[in-house]
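These notes concern the structure reproduced below.
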Amino acid sequence: AKELGKNDWQLYSPHMDSRTYKSFHLEKGLRNAIEQNEFFLHYQPKINTQTRELDSFEALIRWDHPEWGFVSPGEFIPLAEESNLIVKIGDWVLERVCQQLQEWKQLGLTVVPMSVNLSSKRLLKPNFVEFVMELLERYDIDSSLIELEITENSIIHHEEQVKKMMTVLKKQGVTFALDDFGTGFSSLSHLQKLDFDVLKIDKTFIQSVVENEKHQTITKSLLYLARGLNMKVIAEGVETRAQLSFLEENDCPFIQGYIFSKPVCIEQAIIYLKAKYLE
Ligand code: C2E
Ligand code: CA
Ligand code: CA
Ligand code: CA
């Protein structure tokens with residue numbers, strides 16, 4: 001549903017399947033969401049497994065539409081990716097995160113690093129480095145406080161360009177995490193070619209790690225691999241005691257998941273910052 005002319009009505013025809021119909025409306029809503037102030041962020045803590053200390057946060061976007069209520073990012077982010085709206089949305093998230101870190105600093109809080117999910121579509125626009133540097137400057141944020149999470153799958157066709165952008169930003173002190181690791185097509189080749197600081201083991205492995213022996217083997221191997229490559233490694237989607245125990249036994253240093261906390265609002269994030277430890 002891009003450039004629409006006189007035949008707009010066709011889009012509403014009963015021949016259109018309901019998924020397309022819904023997407024069309026969602027996309028229309030998305031176009032106004034920034035101006036209408038409908039987005040906000042939640043923050044999910046990542047925990048140091050040994051000390052139970054708050055290590056950092058991941059910023060996750062939320063959309064509260066006046067009619068539809070909350071729309072899940074799992075639903076609208078893919079649409080935003082297709083329609084290029086992801087560039088604007090990504091910039092909004094990054095600026096919001098910088099603002100938030102500055103606010104926390106001004107409140108006298110000891111801030112922790114924050115990771116932001118970044119579409120490779122945005123990363124590959126020519127002005128991305130300048131955009132990031134300008135934000136860090138404007139909000140007086142140390143570059144080591146910003147980590148960019150990129151999913152494996154989004155890199156596939158652009159490895160060389162991604163590598164270039166990463167190199168420039170890493171020189172400036174920004175770190176990079178490889179998100180959803182293990183779900184992509186050429187995981188090992190990405191690790192070899194690109195210089196990621198952090199590896200996030202995808203939650204599909206973690207969620208069945210207790211019952212599924214193969215997933216146990218894969219998870220152990222990924223932990224071993226990350227350690228060998230000197231990467232920080234995080235298991236995401238940890239929900240149960242049993243999953244946590246497995247990860248502890250296998251020396252997984254960092255954990256993110258409902259077992260410690262769901263993504264939370266600003267007020268709760270501040271409580272975590274002040275408490276420093278999560279139980
Ligand atoms: P992701 O980057 O893999 O983020 C982790 C997702 O897992 C989040 O879902 C989080 O709420 C959820 N999660 C965390 N712990 C647990 C757990 O213990 N169990 C389960 N079942 N889920 C857990 P969310 O917030 O719905 O986001 C879904 C996806 O949407 C994200 O996956 C990410 O790919 C995308 N997304 C979210 N915010 C942004 C954003 O600001 N920009 C971009 N480009 N993508 C975003
Ligand atoms: Ca992520
Ligand atoms: Ca992930
Ligand atoms: Ca994911």
Side-chain angles (χ1 to χ4, degrees), residues 26 30 33-34 38-47 49 55-64 70-100 113-125 128 146-155 175-184 187 190 196-210 219 222 232-244 246-247 252 254-265 268-269 278:
L26 280 181
L30 267 184
I34 292 184
E38 291 164 9
F39 287 134
F40 59 100
L41 296 180
H42 270 173
Y43 305 94
Q44 189 177 33
K46 299 174 219 163
I47 306 299
T49 318
D55 172 69
S56 50
F57 284 116
E58 175 176 3
L60 293 154
I61 195 167
R62 297 291 176 259
W63 181 19
D64 188 6
F70 292 103
V71 185
S72 141
E75 199 158 5
F76 71 81
I77 290 291
L79 268 181
E81 286 271 357
E82 282 170 33
S83 61
N84 263 320
L85 282 165
I86 195 69
V87 173
K88 253 177 83 187
I89 294 174
D91 288 358
W92 181 87
V93 174
L94 208 52
E95 174 156 13
R96 196 65 207 88
V97 159
C98 290
Q99 265 174 356
Q100 193 57 72
M114 181 93 76
S115 64
V116 174
N117 293 285
L118 182 73
S119 161
S120 62
K121 261 198 177 162
R122 177 58 184 116
L123 180 74
L124 295 173
K125 293 267 183 253
F128 186 65
I146 300 291
E147 181 174 289
L148 299 173
E149 296 194 5
I150 307 176
T151 62
E152 272 210 272
N153 279 324
S154 76
I155 299 172
T175 54
F176 283 86
L178 188 51
D179 203 357
D180 300 350
F181 189 77
T183 59
S187 305
H190 292 144
F196 281 95
D197 306 278
V198 180
L199 190 151
K200 299 190 81 174
I201 303 179
D202 191 70
K203 54 178 175 289
T204 51
F205 296 114
I206 306 305
Q207 301 205 315
S208 50
V209 84
V210 177
T219 302
L222 292 181
K232 177 172 171 174
V233 57
I234 304 182
E236 58 176 21
V238 184
E239 292 181 356
T240 67
R241 284 266 141 220
Q243 290 162 1
L244 179 62
F246 174 85
L247 291 163
C252 177
F254 298 97
I255 275 166
Q256 181 178 1
Y258 295 169
I259 187 158
F260 286 112
S261 173
K262 295 199 166 178
V264 296
C265 64
Q268 183 63 41
L278 275 82

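Everything numeric here is computed off the predicted structure, so don't read it as measured data. Atoms within each ligand, like the ligands themselves, are counted from 1 in listed order.
In summary, the atoms of ligand 1 found under 4.0 Å from a heavy atom of Asp180, numbered by their order in the structure, are 3 (O). Every atom of ligand 1 is numbered from 1 in the order shown, and the set under 4.0 Å from a heavy atom of Glu58 is 2 (O), 4 (O). Proximity to Val93 (heavy-atom distance under 4.0 Å) selects the following atoms of ligand 1: 41 (O). Of all the atoms in ligand 1, the ones that sit under 4.0 Å from a non-hydrogen atom of Pro73 are 24 (P), 25 (O), 26 (O), 27 (O), 30 (O), 37 (C). Which parts of ligand 1 touch Gly257 is read off a 4.0 Å heavy-atom cut-off, strictly below it: atoms 15 (N), 18 (O). Residue contact check: Gly237 has heavy atoms under 4.0 Å from atoms 16 (C), 17 (C), 18 (O) of ligand 1. Set against the non-hydrogen atoms of Val238, the atoms of ligand 1 under 4.0 Å away are 18 (O).
Taking the Ca ion (ligand 2) as the corner point, the angle from Glu149 atom OE1 to Glu58 atom OE2 is about 90° (rounded to 10 degrees).
Any N or O atom pair closer than 3.5 Å counts here, and Lys203 shares at least one such pair with ligand 1. Between Gln44 and ligand 1, a contact under 3.5 Å exists for at least one N or O pair. Taking any N or O of Ile77, backbone or side chain, none lies under 3.5 Å from an N or O belonging to ligand 1. When only interatomic distances are considered, the shortest N/O to N/O separation between Asp179 and ligand 1 falls below 3.5 Å. For ligand 1, the polar-atom distance check against Glu81 finds no nitrogen or oxygen pair separated by under 3.5 Å. Here's the thing with Ser72: none of its N/O atoms is less than 3.5 angstrom from an N/O atom of ligand 1.
Only the side chain of Gln207 comes within contact range of ligand 1, with a heavy atom under 4.0 Å; no backbone atom does.
Taking the six-membered ring for Trp and the full ring otherwise, the centers of Phe70 and Trp63 sit at least 6.0 Å from each other.
Between Ile255 and Leu247 there is a side-chain heavy-atom pair separated by less than 4.5 Å. Side chains of Phe128 and Arg122 form a contact here, defined as non-hydrogen atoms less than 4.5 Å apart. Counting heavy atoms from C-beta outward, Thr183 and Thr204 have side chains that approach closer than 4.5 Å. Residues Val87 and Lys125 form a side-chain contact, since some pair of their non-hydrogen atoms from C-beta on lies under 4.5 Å apart.
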Would Leu60 and Arg62 satisfy side-chain contact (heavy atoms from CB on, under 4.5 Å), going step by step from the backbone distance to the final call?
CA-CA 7 Å; Leu60 293 154; Arg62 297 291 176 259; 3.8 Å; yes
Going through the distances and angles, do Gln256 and Lys200 end up as a side-chain hydrogen bond (donor to acceptor under 3.5 Å, both in side chains)?
CA-CA 9 Å; Gln256 181 178 1; Lys200 299 190 81 174; 2.8 Å; yes
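For atom 11 (O) of ligand 1, the choice among Pro263, Ser120, Pro78 with the nearest heavy atom turns out to be Pro263.
Side chains of Ser115 and Lys46: a donor-acceptor N/O pair is present below 3.5 angstrom, by distance only.
One of the N, O or S atoms belonging to Asn117 lies under 3.0 Å away from the Ca ion (ligand 2). Taking backbone and side chain together, Asp179 holds an N, O or S atom under 3.0 Å from the Ca ion (ligand 2).
Glu239 counts as a contact of ligand 1, since one of its heavy atoms falls under 4.0 Å from the ligand.
Sorting the N, O or S atoms of Asp180 by how far they are from the Ca ion (ligand 3) puts OD1 first.
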